[in-house]
Structures are given as structure tokens and as C-alpha cells.
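Working notes, beginning with the structure itself.
Everything quoted here is computed from the prediction, not taken from an experiment. To find a chain, count down the sequence lines: A is the first, B the second, and so on, and within it residues start at 1.
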Amino acid sequence: MAAASAAAASTVSAISNHVAAGNLFAAIDALPACSGSFLLPASLYASLLRLVTSRRSLAAARRVASHLACSSSSSPSTSSPSIPTFLFNRSIESLAACGSLADARELFDAMPRRDGGSWNAIISAASRAGNPEEALSLFSDMNSVGIRPKDVTLSSVLACCAECLDLHGAQQLHGHIAKRDFQSNVILSTALVDVYGKCLLLADARRAFDDILQPSDISWNVIIRRYLLAGMGDMAAHMFFRMIWAGVRPLVFTVTHAILACRDNYALKEGRCIHTFLLRHGYEHHVHVRSSIVDMYAKCGDIDAAQRLFNLAPMKDVVMSTSVVSGLAACGRIADAKRVFDGMEQHNLVSWNAMLTGYVRSMDLAGALDLFQQMRQETKELDAVTLGSVLNACTGLLDLGKGEELHAFAFKCGLFSYPFLMNALVRMYSKCGCLRSAEQLLLFEMGSERDSYSWNSLIAGYERHSMSEAALHALREMQSEAKPSQSTFSSALAACANIFLLKHGKQIHAYIIRNGYEIDDILQSALVDMYSKCGLFDYSTRVFESGLSQDVILWNSMIFGCAYNSKGDYGLELFDEMRKQGIVPDSVTFLGALVSCICEGHVGLGRSYFTLMTDEYSIVPHMEHYECMIELLGKHGYMVELEDFVDHMPFEPTAAMWLRIFDCCREYGNKKLGERAAQRINDSKPLTPVRFIESAPDYECSDSDDVEHLPYC
DNA sequence: CTAGGGTTAG
């Protein structure tokens with residue numbers, strides 16, 4: 001007996017030496033065989049388990065666990081002391097920390113007795129293993145065996161509710177906590193703030209926060225982060241200032257959240273204020289803080305401040321440089337952006353993408369394609385954002401061929417199914433007039449992924465490419481699954497205008513009003529255009545006058561509306577009026593003015609506008625302007641001037657122009673010019689026939705629509 | 001002595 005106890009003593013000291021020296025496996029190997037003859041002191045098991053956990057060794061954790069389980073089952077409960085439950089609890093924690101929830105659960109199920117700590121260990125193990133449902137179900141088992149949860153367990157369970165967005169469960173726990181005088185526990189109260197915040201009940205989160213007697217730095221961090229993630233940047237910043245006011249030193253995370261909040265809200269003033277605070281309190285050397293400040297300045301439009309900080313920074317990492325690149329690109333300084341980009345030590349996917357989208361945003365589409373080329377040579381990496389940007393460049397360039405290539409490429413890369421990319425493809429095909437492909441994608445390949453953006457692209461594409469009936473059909477389809485937007489209606493109204501569907505146009509107008517959409521400049525223009533093309537001049541003037549606007553497109557629509565309805569002089573009055581109001585006319589305005597001059601026979605005035613356009617406004621005349629001048633001069637018999645005009649055009653008149661010139665020469669007699677025109681017409685190919693217009697579908701309409709007496713906003 | 005928060009750029 002003495003020999004046995006001496007052997008036991010030497011085993012204990014060997015193990016404890018191994019543990020102290022950190023020799024984990026030597027300690028494990030020295031564990032006595034499972035005979036039940038003697039047990040190590042509990043404190044030694046505890047420190048062994050601490051070592052196991054710190055090494056994250058699942059093998060070691062299993063050896064200790066099986067040793068405990070075996071010793072417990074073979075020890076006669078009466079003679080030798082049994083293994084304390086808390087050691088099993090530590091062992092469960094150890095197994096879980098080493099990555100095996102299954103082993104932890106097995107030990108939990110097998111252990112002889114369980115106390116509150118056992119339940120807590122297994123619940124937090126499940127929670128940490130990313131298995132909140134299991135943790136919640138264990139919690140409910142715990143309640144049904146009659147064990148009262150402690151504050152520690154409650155906070156684990158609250159975290160699980162947050163994970164599962166189980167608001168109902170969280171509310172029940174809240175009630176429970178309130179009844180049990182746990183308010184003074186900061187950790188628990190903070191978990192409560194977090195769960196409400198995560199469920200987006202920010203008012204409840206705030207109430208829970210205000211109930212905390214002494215909010216910790218983490219409590220402040222939670223409320224600030226939750227406001228930020230809920231899109232309430234103003235409240236996030238507000239709470240940050242209150243935190244400082246309360247004398248709590250912000251964590252670095254909290255600081256970056258506050259700066260992000262300012263960035264998201266374009267709150268430059270508050271951002272500067274926080275920046276000053278950070279300089280005074282020694283945060284500015286932190287790399288994340290520094291990057292987020294630079295980004296804040298760049299996003300809030302103070303690009304000079306961003307660049308100044310960037311230039312002063314001793315370490316210019318990829319993140320900070322990328323912020324500066326995108327900031328410069330966003331304010332149109334694409335060349336400066338490229339310079340910073342080229343000066344970067346290394347590029348990654350995000351920085352390449354920033355430069356790419358910069359080109360696209362600055363409308364330097366060729367530049368975007370060139371950069372993509374360069375990117376392909378320097379890296380294999382690319383993702384949906386990359387392809388989406390390049391695709392947007394193709395869309396802008398109306399380069400269907402390259403767009404199709406990218407489509408195939410995206411398919412090959414397996415990036416095809418990103419909704420963002422699919423929408424870019426629908427947009428590309430729609431803009432390029434390949435409506436069949438757009439339709440194919442949207443109807444058969446996007447499935448439930450399609451949204452109002454996809455539909456809007458398709459509808460706008462149909463409208464732009466003279467498939468107005470199809471546009472209205474698509475609108476009806478869209479309504480069964482997505483909410484139309486102002487942009488949808490502007491395309492649909494344009495479709496009605498194209499084929500003079502007054503009834504449908506009115507129905508859409510009524511729908512817009514009935515559903516409370518705001519009539520913005522674009523919609524207002526679309527309505528003016530639709531009514532005037534459909535011949536309801538009164539309606540278009542009423543829509544025009546219903547909202548005063550400085551929008552040049554709206555004025556253009558109204559001026560054209562006058563011309564369609566033979567009110568050229570009124571159109572010219574509007575032309576003068578808009579210039580008086582300081583609205584700068586564009587090429588379309590001048591086209592409208594010329595059309596008005598044609599219908600009213602103001603030949604001299606028309607000619608003076610044509611000069612005014614180039615001389616005063618530096619607008620290069622388009623094909624349509626030349627067509628107008630030919631019509632203006634020809635229609636009213638100014639044959640000498642017409643011939644002179646044709647001779648001075650910077651390009652050869654088109655076949656259609658010659659046809660018109662020929663007609664005018666026949667009417668007013670200009671043999672020389674007429675023969676020239678005839679010659680040109682005979683050289684050219686025959687014109688394509690006019691398309692036959694089919695009937696359009698009925699737009700969804702309720703009986704309450706009084707189409708004759710529309711209310712105006 | 002177990003529990004709460006969490007890392008900037010497209």
C-alpha cells in the first residue's frame with residue numbers, strides 16, 4: 001500500500017512538472033491507466049485541461065476526456081472520491097475549444113451528474129461552434145429539467161438568439177432577466193442591446209442600452225455598431241460623441257465605426273471633429289483608423305484632405321491607396337487617380353476594380369477596356385465586380401461583340417450567376433438592341449434573381465428600339481413580381497408616346513398618381529412628351545406648369561410638344577423664356593427651336609439660331625440639325641440659300657436629305673440642284689419600308705381611373 | 001472562472 005501511494009505521488013509530481021514545463025503530451029502519456037485505483041488532484045486536472053485548451057489539441061483533449069470518463073465509471077462511488085463535476089465541465093469546454101462540438105456533446109451526454117455549469121459549458125460550446133439552434137434547444141432542455149439559468153448562460157443564449165434573429169426568444173429572455181435582478185451585469189445587458197440591434201429594433205436596443213447602469217467600452221461599441229449597420233449613421237456618430245462626453249475611452253473598433261458612420265452620411269464636419277479628437281488622443285498611428293479617415297475624406301468630397309493625409313502617411317498600404325484612387329476618380333480626376341494607382345507598391349483585386357470603376361464612372365470607357373487588358377496580363381484574379389465594370393463599359397460603347405465575349409467569359413469563370421452581373425448583361429443587351437438575348441436572360445436564366453433593375457433595363461431597351469408594345473407587355477409582367485419605379489414609368493410613357501397610345505398613357509399617369517409616386521423631372525418630361533405626341537396639348541402644358549423646374553430636358557420636351565401641335569411660336573417664346581431664366585440650352589433645345597421655326601416659317605430666325613448654337617454655345621450641330629436647316633430653307637423656297645447651305649455642309653447629305661432637296665427643287669424650281677439631287681438618289685440604295693404598328697395590350701386599370709379628369713400634382 | 005464587442009478599400 002505504501003509502495004502504491006509512493007508510485008502515485010511520483011506520477012502526480014511527474015505530470016505536474018510536465019504541465020508546468022508545457023510538455024503536453026509527456027503529461028498525457030504519464031496519466032495513470034484507468035484502474036480506478038487513484039485519482040490526480042482536481043487542480044492538476046484543471047491545469048492540464050488549461051494547457052490542452054491553449055494548445056488547441058483535440059487529440060489531447062480526447063485523451064483527458066476519456067481518462068476522466070473511464071475513471072469515473074470504474075471508481076466505486078462509496079470507497080474512493082468521485083470526479084468532481086466541474087472537471088467534466090472543463091473537459092467539455094476543452095473539447096469544444098479544440099474544435100469538436102460532437103465530442104463535447106458525447107461527454108455531456110455520458111457524464112454521471114450535471115450541474116448548471118455543465119449546461120452552460122455545452123450551450124456556449126454549441127454557440128461558439130456556430131450552432132445556435134442546438135444551443136437554444138439545449139437551453140430549453142435545461143429549463144425542462146428544472147435548472148435555473150445563471151447570468152453567464154443567459155448571455156450565451158442571448159448571443160444565440162442574435163445569431164438566429166430569434167426576436168421572440170430574446171424578448172422572453174429579456175423578461176426573465178428583468179425579473180431576476182441582473183441589471184447590474186454589464187456583459188448580460190450588453191448582449192441584450194446587441195440582440196435588439198441585430199433584429200433592427202434600434203429603439204429597443206437604445207432603451208436596453210440606456211438601462212445599463214455603467215456602460216462599458218464594449219457596450220458603447222455595440223450600440224454604435226448597431227446604429228451603423230442599421231444605416232443610422234447619424235445616431236452612430238451622435239452616440240460616439242456621447243461616449244467621449246461620458247469619459248469612456250473608445251476602442252479602436254469603435255473609432256473606425258464612428259468614422260464609417262460619418263462617411264456613410266457624408267458628414268464631413270463631424271468627421272473632421274472626430275479626426276481632431278483622434279489626433280489629440282493618440283489613435284492616429286493605428287493603420288485601420290488612418291485608412292478609414294482617408295476614406296472618409298475621399299468619400300465626403302474633401303479629396304485634398306484625403307490626399308494630404310495620404311502623402312504624409314509613412315506607410316501607404318493597399319487599402320489607403322485604393323481609397324485615394326477611388327476618391328480621385330469619383331471627382332473626375334481620373335488622370336491623378338491613375339498616377340496614384342501606378343505608384344502603388346502592389347495591386348489587389350479591390351484596387352484593380354476601383355481603378356476600373358473609376359474609368360467607367362468618368363465615362364472614359366476606352367480607358368476602362370485598356371486597363372482591363374492590362375489587368376489580365378498582370379493578374380489571374382478577377383470577380384463579378386470586375387466583369388460588371390467592363391460590361392458597363394461595353395454597354396456605354398454599344399459594343400455588342402465585346403459584351404457577348406464577356407458574357408461567354410463570365411460563364412466560363414463560373415461568375416455568371418451573380419445577380420449583379422446578370423443585371424449588367426441584361427442592360428448591355430437591352431442598350432445594344434439585342435432584346436432577344438436580354439429577354440432570354442431575364443425570363444429563363446435569372447429566375448427569382450431578377451429585380452426591378454432587370455425589368456427596367458428590358459423595358460427601356462424595348463422602348464429605345466421601337467418595340468413599344470413589347471415594352472408595355474413587359475411592364476405588365478413586371479408588376480406581378482416587382483414594384484415599378486419612376487424610371488419604369490418614364491420608359492413606359494415613352495413607349496406610349498412612340499405609338500400614340502393616349503389611353504395607355506393616361507392610365508399610367510393615373511397609376512402613378514394613385515400610388516403616390518413623386519413626379520420628378522424625368523417623369524414630368526415623359527408625361528409632357530406623351531401628351532403632346534398624342535395631341536393633348538392642354539394636358540402637356542398643365543403637366544409642364546405643375547412644377548417649376550430648371551431642368552433643360554423638361555423644357556426641351558415642352559418646346560417639342562409645341563412643335564408637334566403646331567404651336568411653334570409658343571415654343572419659341574419658351575425658348576426665350578428659358579434662356580432668360582438662365583437655363584443653358586443644349587443641342588436638343590436648338591433642334592426644337594429649329595423645328596418651331598420650320599412650322600412657323602421663320603426662316604431668318606432659324607438661320608440665326610443655327611449660328612447662335614455654334615458661335616455662342618459651342619454646340620456641334622448633329623445630323624438632325626442639318627436636316628432641319630434643309631427642311632427650313634427648302635420648305636419655304638429659299639433655294640439659293642439651300643444650295644449654298646448644302647455646299648458648305650461638312651459632310652455629304654444623306655439619301656433622305658437628297659430626296660427632300662429634290663422635292664423642294666421640283667416645287668420651287670432649282671434645276672441645277674435638282675439634277676444633282678436626282679443623281680445622288682439614283683446612286684443610293686432603296687429606303688426600307690415603314691413598320692406596321694400593331695395594337696398594344698391593355699394596361700392594368702381600375703374603374704376608378706377617371707382618365708378624362710386627371711388630378712395634377 | 002466559464003459570458004458581451006471585432007479589422008479600413010472596389
Side-chain angles (χ1 to χ4, degrees), chain A residues 46 49-50 53 86 89-94 96-97 115-125 127-128 149-160 162 182 185-195 197-198 208-209 212 215-226 228-229 250-257 259-260 263 286-296 298-299 306 310 313 316-327 329-330 337 340-341 344 347-361 375 381-386 388-389 420:
Chain A
L49 282 165
R50 253 199 310 279
T53 303
F86 88 88
N89 300 349
R90 290 296 91 81
S91 190
I92 288 171
E93 282 156 17
S94 217
D115 60 12
S118 322
W119 287 97
N120 180 61
I122 192 65
I123 287 170
S124 59
S127 158
R128 286 182 176 250
K150 294 208 303 178
D151 51 356
V152 180
T153 313
L154 287 171
S155 80
S156 291
V157 177
L158 267 178
C160 294
F182 282 139
N185 185 329
V186 195
I187 295 177
L188 188 53
S189 320
T190 302
L192 206 48
V193 177
D194 199 44
V195 70
K198 183 140 196 233
F209 177 82
I212 303 178
S216 68
D217 47 4
I218 295 178
S219 316
W220 284 101
N221 188 62
V222 166
I223 189 73
I224 289 169
R225 177 166 191 269
R226 284 301 164 203
L228 176 72
L229 293 183
L251 299 163
V252 168
F253 300 111
T254 316
V255 166
T256 56
H257 293 150
I259 301 169
L260 278 176
R263 179 196 71 177
H286 201 284
V287 64
H288 290 157
V289 171
R290 218 195 257 277
S291 290
S292 53
I293 293 176
V294 168
D295 190 52
M296 182 274 295
K299 290 269 162 34
F310 176 70
K316 296 171 178 40
D317 69 346
V318 204
V319 175
M320 197 188 285
S321 312
T322 305
S323 289
V324 174
V325 167
S326 66
V340 174
F341 182 77
M344 286 169 68
H347 297 139
N348 62 14
L349 187 53
V350 177
S351 59
W352 279 107
N353 286 344
M355 194 63 236
L356 260 180
T357 51
Y359 274 117
V360 176
R361 250 194 314 215
M375 179 178 175
E381 272 190 305
L382 90 176
D383 67 3
V385 178
T386 318
S389 301
F420 160 75

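One interatomic measurement links the two molecules: CD1 of A:Ile123 to P of B:dT2, which rounds to 17 Å at whole-angstrom precision. Atom pair A:Phe209:CZ and B:dG5:C1' shows a separation of 13 Å (rounding to whole Å applied). B:dA3 atom P lies 16 Å from atom CZ of A:Phe182, rounded to whole Å. For the pair A:Asp115 CG and B:dT2 C1', the computed distance is 12 Å after rounding to whole Å. Rounded to a whole Å, the CD1 atom of A:Ile218 is 10 Å from the P atom of B:dG4. Atom-to-atom, CG of A:Leu228 to C1' of B:dG5 comes out at 14 Å; the value is rounded to the nearest Å. Note: CG (A:Asn120) to P (B:dA3) measures 7 Å, nearest angstrom. Remark: C1' of B:dG5 and CZ of A:Arg128 are 12 Å apart, rounded to the nearest angstrom.
Nearest to the side chain of A:Leu260, among B:dG5, B:dT8, B:dA3, sits B:dT8. Between B:dA3, B:dG5, B:dT8, one nucleotide has an atom nearer to the side chain of A:Ser292 than all others, and that is B:dT8. For A:Val222, whose side chain is taken as the heavy atoms from C-beta onward, the closest listed nucleotide among B:dG5, B:dT8, B:dG4 is B:dG5. When the nucleotides B:dG4, B:dT8, B:dA3 are ranked by their closest atom to the side chain of A:Asn185, B:dA3 comes out on top. Taking the side chain of A:Ser291 as heavy atoms from C-beta on, and the options B:dT8, B:dG4, B:dT7, the nearest nucleotide is B:dT8. In the set B:dG4, B:dT8, B:dA3, the nucleotide with an atom closest to the side chain of A:Ser216 is B:dG4. The A:Glu93 side chain lies nearest to B:dT2 when the options are B:dT2, B:dA3, B:dT8. Side chain of A:His257, nearest nucleotide from B:dT2, B:dG5, B:dT7: B:dT7.
Note: A:His347 and A:Phe341 meet the aromatic proximity criterion, with ring centroids under 6.0 Å apart.
To the nearest 0.5 Å, atom CZ of residue A:Phe253 and atom NE2 of residue A:His286 are 7.0 Å apart. Distance check, rounded to the nearest 0.5 Å: OG1 of A:Thr386 to CG of A:Leu349 gives 4.5 Å.
Backbone-only engagement by A:Asp194 is indicated by non-hydrogen atom pairs under 4.0 Å involving sugar-phosphate atoms exclusively. Across all strands, A:Lys299 comes closer than 4.0 Å only to sugar-phosphate atoms, never to a base (heavy-atom distances). If you check every strand for non-hydrogen atoms under 4.0 Å, A:Thr256 touches nothing. Among the heavy atoms of the strands, none lies under 4.0 Å from A:Val325. Base contact: A:Asp383 has a heavy atom under 4.0 Å from a base atom. Nucleic acid contact for A:Leu251: base, since at least one base atom lies under 4.0 Å from a heavy atom of the residue. When heavy atoms are screened at a 4.0 angstrom cut-off, A:Asn348 is found touching base atoms of the nucleic acid. Contacts of A:Val287 with the nucleic acid, taken as non-hydrogen atoms under 4.0 Å apart, include base atoms.
Legend: residues meeting side-chain hydrogen bond (donor to acceptor under 3.5 Å, both in side chains) with A:Ser321, ordered by chain and number and at least two apart, are absent. For A:Ser118, the side-chain hydrogen bond (donor to acceptor under 3.5 Å, both in side chains) criterion is met by A:Asn89, A:Asp115, not counting sequence neighbours.
Of the side-chain N and O atoms in A:Arg50, one or more sit less than 4.0 angstrom from OP1 or OP2 of B:dC1. Considering only side-chain N and O atoms, A:Arg90 lies nowhere under 4.0 angstrom from the phosphate OP1 or OP2 of B:dC1. Put simply, A:Ser124 has a side-chain N or O that comes within less than 4.0 Å of OP1 or OP2 on B:dA3.
Atom NZ of A:Lys150 is surrounded by 12 or fewer heavy atoms from other residues, nucleotides or ligands within 6.0 Å.
Here A:Lys299 pairs with A:Asp295 in a salt bridge; the nearest charged N to carboxylate O distance falls below 4.0 Å.
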